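In this chain, residues are counted from 1 in sequence order. The shown structure was predicted, so the numbers you read here are calculated from the model rather than taken from an experiment.
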Amino acid sequence: MGPVMGHPYAGSIVSKAQSLVTFFRASHKPLALLKEYAKARGIDCMLVTSNKTKFTSVHAMLESVLRLKDVMLHLLDTQRHLLSAGVLAILADSELLFIGIKKICQLLVPFTLIIQAMQLDDASLADVMRYWHFLARSMDSIKPQLTYPAFKKHCIAAFNWRVGDMHNPLAQLALFLHPWYRRMARTPDTAYQAVRTTAGRMWQSNNKSKDEVIALLAEMDKYRLGCTPFVGIM
């Protein structure tokens, strides 16, 4: 998420949205009116601030601003004198701002889902690799919505740079050994030999003898082929 949001286009949108949140949360009268107008429309009036130590907070902050779009614009029309010069400048081109916020929110949805899933107690390295596949599919469906060419190119480059981690033999080993995800591992002969070598080195580093390493690799070969005692494990 960090590399993607590091582009000036995304950074500018996040900065403006956070400035709106900061102003309203610190301004008694505008905040009271915001809550009043939101309640009248049946809209959740909670404005969320972003936190650099919590990755999903940026997404939550942007969604809270987007949710209160109509309320903020109503305040702009009816209570303009209560808004600061900075807020007025930000809302001067509100249409482009909220379009940008919506696009960034759509982009961040799969990232947020993955981060939340990886925070579960039973998450494993194999899950990390599986979610890279999910993120790749999500990014492919989101690409047509990223109409700003430079930002679109940046997102694709950032993803491709990080996805190189999927080719790490240790990550492939995690997928290979997990019965739920074994078929997702890249295990043609060349890739499997890298996975096999990684497993052997790890086993050896745990003070295992040469014979024990050989026995482990033999078990891996059986597991790969679905031989006894691994028949039926998918």
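Between the OG1 atom in Thr49 and the CD atom in Gln18 there is a gap of 3.5 Å [rounded to 0.5 Å]. Separating the OG atom in Ser94 from the CG atom in Leu76 is a distance of 7.0 Å, to the nearest 0.5 Å. Interatomic distance, CG of Leu68 versus NZ of Lys35, reported as 11.0 Å (0.5 Å rounding). A distance of 12.0 Å separates CG in Leu66 from NZ in Lys103, rounded to the nearest 0.5 Å.
Checking Gln193 against Thr197 by side-chain atom types alone, no donor-acceptor pair falls below 3.5 Å.
Val21 is not listed as a side-chain neighbour of Val48, based on a closest heavy-atom distance of 4.5 Å or more. Counting heavy atoms from C-beta outward, Met72 and Val65 have side chains that approach closer than 4.5 Å. Using a 4.5 Å cut-off on side-chain heavy atoms (C-beta onward), Leu97 and Lys16 make contact. Counting only heavy atoms from C-beta outward, the side chains of Phe23 and Leu83 approach each other to under 4.5 Å. Side chains of Leu34 and Leu47 form a contact here, defined as non-hydrogen atoms less than 4.5 Å apart.
Heavy-atom contacts from other residues, nucleotides or ligands closer than 6.0 Å to CD of Glu219 number more than 12. Counting non-hydrogen atoms of other residues, nucleotides and ligands closer than 6.0 Å to CZ of Arg41 gives a total above 12.
Every pair passing ring pair (Phe, Tyr, Trp, His ring centres under 6.0 Å) that includes a residue from residues 62-102 is listed here, sequence neighbours excluded: Tyr37-His74. For residues 57-69, every residue pair satisfying the salt bridge (Lys or Arg N to Asp or Glu O under 4.0 Å) rule, not counting sequence neighbours, is listed here: Asp44-Arg67.
Val109 and Leu62 end up in the same hydrophobic cluster when Ile, Leu, Val, Met, Phe, Trp and Tyr side chains are linked at under 4.5 Å.
Between the Ser19 side chain and the Ser15 main chain, a donor and an acceptor come within less than 3.5 Å of each other. With Ser205 contributing its side chain and Met202 its backbone, the two residues share a donor-acceptor pair below 3.5 Å. Without hydrogens or angle criteria, Ser50 side chain to Met61 main chain gives no donor-acceptor distance under 3.5 Å.
Applying the salt bridge (Lys or Arg N to Asp or Glu O under 4.0 Å) test to Asp221 and every residue at least two apart in sequence or in another chain returns Arg196.
Considering every non-hydrogen atom in both Ile104 and Ala10, the closest pair reads CD1-CB, 4.0 Å.
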